[in-house]
Amino acid sequence: MRMSQLFSKTLREAPNGADSKGYEYLLRAGFIRQLGAGIFSLLPFGFTATKKIEQVIREEMNAIGGQEVLMPVVNPADIWKETGRFYSIDKEMSRFNDRVGRDMVLAMTHEEAVTDLARGEIDSYKRLPLLVYQIQTKWRDDPRPRAGLIRVREFTMKDSYSFDVDQAGLDKQYADHYKAYFRIFSRCGLPVIVVGADSGMMGGKISHEYMYLSPIGEDTIITCPSCEYTANRQVATFKKTYHAEAEKAVEKVLTPECKTIEELAQFLKIEESQTAKAVFQVGTFINDTNGEEEEKLIVGIIRGDLEVEENKLQNAAKANALRPAHPEEIVAKKMVPGYGSAIGCSSDVLVIVDDSVAKSNNLVAGANEEGYHLLNTNFGRDYTGTVADIASASAGYACPVCGKPLESSKGVEVGNIFQLNTRYSESMNCTYQDETGVRKPVIMGSYGIGVGRLLACLAENYHDDKGLVLPISVSPMQVHLVSLVKDAQVADDIYAALTKAGIDVLYDDRKESAGVKFADADLIGFPIRITIGNRSLKEGKVEVKLRSNLEESFSFELNTVVEETQAMVAKLKGELASQLVEKEWKKD
RNA sequence: CGGGGCGUAGCCCAGUGGCUAGGGCACCUGCUUUGGGAGCAGGAUAUCGAAGGUUCGAGUCCUUUCGCCCCGACCA
């Protein structure tokens, strides 16, 4: 590519709103441009980098038996009604009517579409296992797009779907993906960790997320430095301690101005862990078959020294959504905010009790009366409810596996793998006949990688104060050829020779000053820079630098530029390949 | 959806209710220059986000509205 003809141009200053360095450089180097909130165009560099990432993904997906397909972005709503997700997913999925008024949706994922495909193609166990994947546009009307390509509304995603006769088959395909994903991310140069995850709206049980650890991430990851334990905070567990002692009789005490656990503990001169607090939420429950909504007050009871993890509470309550309850709603169920507990509340309240409370005795809880608390309350004796783990794990808590203190960090989810089991095949009647002629639902898995998000994470991970420093596997071009000489002939010849040899070259043939050219080369950040200038030219050489180390300078002989460049490309590729991560999934 | 911020040339930003709306970068022309965002001279580019209002007079004040960003709610 001749830079004089390049569609994009570089920007000297960061456009307003480019808050992270990775995003700023992608904009300034001319990889991407914003069209609207969470909507971006890919310019030649951005698109080429994307295609290189996609190629890595294709190779690894094909290697585990994937067959590439392409499904429509627009789906008839019917299939989404079959699985119920037409009703259970809120505004995040965009809907419209076609000219005859049929309900249509913009697919935000393709479980429904692929299951519809599969039920037409799969009839016998002899056809299984199968794996299909696509690399395709998704639209999700996220309420809050942000951070450039990290959290967008329209994006490219690799999504694959596996079909098996049994759990063992699913486990095999899950393990294949687990391993392939590490290969994909490491071939692209992105360091990731895998964490246990919540399966959320996807249904199913086992799932993992691939996280790029970074302060710009929005997910909180709980890790154990001493053992292998890692999990998204939404599902992370920890070792709890309990106050088990002989039950004592309930006693009502006056506790004025003690609306928080801290105030209460100080007033009564007890530990926060000797109290039980109530968290009030209103859950929305949606009937999957007709979309009817029902709201119900949920009270989460947790020990005073712990916090409720709302995601866990929502799962335990089997609610579709949660929102904080208004004081009136709480009072209507015979409870008092600030002095609340499940004791004496209306029977239609959903009580979820953390095991920290259920397994402890004689906790101080609200009396549901302004200014009063109850001493020595006990779960089971004084109130009942569903026992579940709804506590939020934090740094310093004991690892559930080895007991050492946990750590917490921020991460960006770049990939995920889910065991769907029969969540979709059952509701959409996607079955196969086994050896005995019995119809059984196909066992499914679903696996995603955010392609644009991966590029954004790479930009975040690979930059310095001058610009991008992308790995050679994903860099749009391998070589940046900078010509500083008046007579273009030498540079033109080298450009032609390198291109002919199959090397991707950006040739800066512009009539610009050396400073401008170097600054742009730094900003765009292609791995190998070849400078043609009089300084080295009179010795029959060209100057060579690696973007990753601008301090060090090499030189290539004019008559062996092609061979030496090829060797340099191979060397960089080799270095990256030597960092390939091979990791296996072991079922617990 | 709640809270906050910002919309002035392609980009970054100035602009007390008062003359023809400015600067830097980028762009065009000419000359000069060619190893780290050059110099000189000249030039073009704005429905001041939009609509309505107040006023003799609005980029500036008021109302409405649209868009973008940030915090929160939210998020496979």
Side-chain angles (χ1 to χ4, degrees), chain A residues 8-20 23-24 27-28 30 33-40 85 88-93 107-111 138 140-148 150-153 155 157 159 197-204 207-210 216-220 232 234-235 281 284 310-311 314 320-324 412-420 423 445-450 453 466-467 482-488 508 510-523 529 531-538 542-543 545 550 553:
Chain A
S8 59
K9 66 172 184 180
T10 55
L11 306 174
R12 281 206 195 182
E13 288 174 281
N16 203 352
D19 44 344
S20 77
Y23 179 26
E24 177 188 329
L27 283 168
R28 285 184 51 205
R33 292 288 181 260
Q34 182 171 13
L35 178 61
I39 306 176
F40 288 83
R85 290 208 291 183
S88 62
I89 296 173
D90 199 24
K91 289 181 185 151
E92 199 177 345
M93 182 162 71
M108 46 192 289
T109 174
H110 281 77
E111 280 77 19
K138 300 276 186 279
R140 290 183 192 176
D141 197 359
D142 194 300
R144 177 135 145 68
R146 52 180 294 189
I150 297 286
R151 190 169 154 182
V152 291
R153 296 195 291 172
F155 57 99
M157 182 174 194
D159 44 328
D198 177 45
S199 46
M201 76 172 185
M202 303 296 302
S207 79
H208 286 91
E209 290 169 342
Y210 290 75
I216 68 167
E218 295 186 90
D219 283 287
T220 302
N232 192 308
Q234 293 178 327
V235 295
Q281 295 278 335
T284 308
E310 281 186 23
N311 186 69
Q314 182 177 329
N320 291 75
L322 291 186
R323 65 166 173 83
V412 179
E413 181 190 348
V414 286
N416 54 43
I417 53 179
F418 289 99
Q419 292 208 349
L420 300 174
R423 161 73 177 85
S446 138
Y447 319 83
I449 290 179
R453 188 177 273 189
K466 293 190 171 75
V482 179
S483 171
L484 299 180
V485 292
K486 254 198 185 124
D487 177 11
D508 193 344
R510 298 174 302 169
K511 289 182 175 53
E512 289 286 352
S513 71
V516 169
K517 291 186 176 187
F518 285 135
D520 277 345
D522 292 344
L523 178 60
R529 179 177 317 167
T531 305
I532 301 172
N534 291 323
R535 207 186 268 174
S536 53
L537 209 52
K538 58 188 175 197
V542 293
E543 189 182 323
K545 282 186 176 181
L550 295 174
S553 187

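Keep in mind the model is a prediction, meaning the values are calculated, not measured.
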**Student:** Please tell me which of Asn416(A) and Gly148(A) maps to the more 5' nucleotide of RNA chain B, matching each residue to the nucleotide holding its nearest heavy atom.
**Tutor:**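 Its nearest nucleotide lies further toward 5', so the answer is Gly148(A).
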**Student:** Would you measure the distance from the P atom in rC1(B) across to the matching atom in rA44(B) and give it in whole Å?
**Tutor:**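 Rounded to whole Å, the distance is 46 Å.
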**Student:** At 4.0 Å (heavy atoms only), tell me whether Ala147(A) reaches a base, stays on the sugar-phosphate, or touches nothing.
**Tutor:**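 It contacts sugar-phosphate atoms only.
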**Student:** Can you tell me the distance, in whole Å, between the CG atom of Asp142(A) and the C1' atom of rC69(B)?
**Tutor:**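 Rounding to the nearest Å, CG of Asp142(A) and C1' of rC69(B) are 15 Å apart.
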**Student:** Between Arg33(A) and Leu27(A), is there a donor-acceptor pair closer than 3.5 Å when you use the side chain of the first and the backbone of the second?
**Tutor:**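 Confirmed, Arg33(A) side chain pairs with Leu27(A) backbone.
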**Student:** For nucleotides 25-39 of chain B, read 5' to 3', which letter fits each nucleotide if B means a protein heavy atom sits under 4.0 Å from the base, S means only the sugar-phosphate is that close, and - means neither?
**Tutor:** SS-------BBBBS-
**Student:** Which base sits across from rC56(B) as a Watson-Crick or G-U pair, both distances under 3.5 Å?
**Tutor:**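 rC56(B) is paired with rG18(B).
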**Student:** Could you check how far CG of Leu322(A) sits from C1' of rC75(B), rounded to whole Å?
**Tutor:**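 Distance check: Leu322(A) CG to rC75(B) C1' gives 14 Å.
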**Student:** Identify which nucleotide among rC70(B), rC69(B), rC74(B) has an atom closest to any side-chain atom of Glu218(A), counting heavy atoms from C-beta outward.
**Tutor:**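 Output: rC74(B).
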**Student:** Over how many whole Å does the gap from Gln234(A) atom CD to rC75(B) atom C1' extend?
**Tutor:**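 Result: 9 Å.
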**Student:** When both hydrogen-bonding distances must be under 3.5 Å and the geometry is Watson-Crick or G-U wobble, what is rC6(B) paired with, if anything?
**Tutor:**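 Its partner is rG67(B).
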**Student:** Using the C1' atom on both, measure rC28(B) against rA9(B) and round to a whole Å.
**Tutor:**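 Result for the C1' pair: 15 Å, nearest Å.
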**Student:** Across all strands, who's sitting opposite rG35(B) as a Watson-Crick or G-U wobble pair, both distances under 3.5 Å?
**Tutor:**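 Pairing partner, where one exists within any strand: none, as none qualifies.
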**Student:** State, yes or no, whether a side-chain contact exists between Val412(A) and Arg453(A) at a heavy-atom distance under 4.5 Å.
**Tutor:**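 Yes, at least one pair of side-chain atoms sits under 4.5 Å.
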**Student:** Which heavy-atom pair separates Leu11(A) from Leu523(A) by the least distance, and what is that distance?
**Tutor:**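 Minimum heavy-atom contact is O-CD2, 4.1 Å.
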**Student:** Might you point out which heavy atoms bring Ser207(A) and Phe418(A) nearest each other, and give the distance in Å?
**Tutor:**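 Shortest heavy-atom contact: CB-CD2, 3.3 Å.
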**Student:** Could you give the CZ-to-C1' distance, from Arg144(A) to rG2(B), as a whole number of Å?
**Tutor:**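 About 12 Å, once rounded to whole Å.
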**Student:** Using the C1' atom as the point on both nucleotides, what is the distance between rA26(B) and rG17(B), in whole Å?
**Tutor:**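 Approximately 33 Å lies between the C1' atom of rG17(B) and that of rA26(B).
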**Student:** Keeping Asp508(A) on the side-chain end and Arg510(A) on the backbone end, is there a donor-acceptor pair under 3.5 Å?
**Tutor:**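 Flag set: sc Asp508(A) to bb Arg510(A) pair under 3.5 Å.
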**Student:** Looking at rA26(B), which nucleotide sits across from it as a Watson-Crick or G-U wobble partner, both distances under 3.5 angstrom, or is there none?
**Tutor:**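 Pair assignment: rA26(B) / none.
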**Student:** Of all heavy-atom pairs between Pro143(A) and Pro145(A), which one has the smallest distance, and what is that distance?
**Tutor:**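 So the minimum-distance heavy-atom pair works out to C-CD, 3.8 Å.
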**Student:** If you measure from the C1' atom in rU54(B) to the same atom in rC62(B), how many Å do you get, rounded?
**Tutor:**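 Comparing C1' positions in rU54(B) and rC62(B) gives a spacing of 7 Å.
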**Student:** Within the 4.0 Å heavy-atom criterion, would you say Met157(A) contacts the bases, only the backbone, or no part of the nucleic acid?
**Tutor:**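 Base contact.
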**Student:** At 4.0 Å (heavy atoms only), tell me whether Pro15(A) reaches a base, stays on the sugar-phosphate, or touches nothing.
**Tutor:**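 Pro15(A): backbone/sugar contact only, no base atoms under 4.0 Å.
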**Student:** With rounding to whole Å, what would you report as the distance between rG4(B) and rG43(B) at their C1' atoms?
**Tutor:**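 The same atom, C1', in both gives a distance of 42 Å.
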**Student:** Mind checking the C1' distance from rG53(B) to rU16(B)? Whole angstroms is fine.
**Tutor:**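 These two C1' atoms come out 23 Å apart once rounded.
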**Student:** So, is Asn16(A) close to the rC11(B) phosphate, meaning a side-chain N or O under 4.0 Å from OP1 or OP2?
**Tutor:**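 Answer is no, no contact under 4.0 Å.
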**Student:** To the nearest 0.5 Å, what is the distance between CG on Asn416(A) and CG on Asn232(A)?
**Tutor:**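 One gets 11.0 Å once the value is rounded to the nearest 0.5 Å.
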**Student:** Any non-hydrogen side-chain atom of His110(A) less than 4.5 Å from a side-chain atom of Lys138(A)?
**Tutor:**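 A side-chain contact exists here, since the closest heavy-atom pair is under 4.5 Å.
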**Student:** Please report, rounded to the nearest Å, how far the C1' atom of rC68(B) is from the CG atom of Leu35(A).
**Tutor:**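 After rounding, the reported distance stands at 12 Å.
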**Student:** Whole angstroms only, please: what is the CZ-P distance between Phe40(A) and rC69(B)?
**Tutor:**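 About 7 Å, once rounded to whole Å.
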**Student:** Using atom P of each nucleotide, how far apart are rG23(B) and rU32(B) to the nearest Å?
**Tutor:**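 Per the computed distance, 28 Å lies between those P atoms.
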**Student:** Side chain of Arg151(A), base of rC74(B): donor and acceptor closer than 3.5 Å?
**Tutor:**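 Checked by distance alone, the answer is yes.
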**Student:** Nearest whole Å is fine: how far is rC75(B) C1' from Gln314(A) CD?
**Tutor:**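 Taking CD of Gln314(A) and C1' of rC75(B), I get 11 Å after rounding.
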**Student:** Expressed as a whole number of angstroms, how long is the span from Arg33(A):CZ to rC68(B):C1'?
**Tutor:**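 After rounding, the gap between these two atoms is 17 Å.
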**Student:** Distance check, C1' atoms only: rA21(B) and rU47(B), in whole angstrom units.
**Tutor:**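 Those two atoms are separated by 14 Å.
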**Student:** Among Arg28(A), Lys517(A), Arg529(A), which one satisfies salt bridge (Lys or Arg N to Asp or Glu O under 4.0 Å) with Asp522(A)?
**Tutor:**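 Result: among Arg28(A), Lys517(A), Arg529(A), Arg529(A) is the only option passing the salt bridge (Lys or Arg N to Asp or Glu O under 4.0 Å) with Asp522(A).
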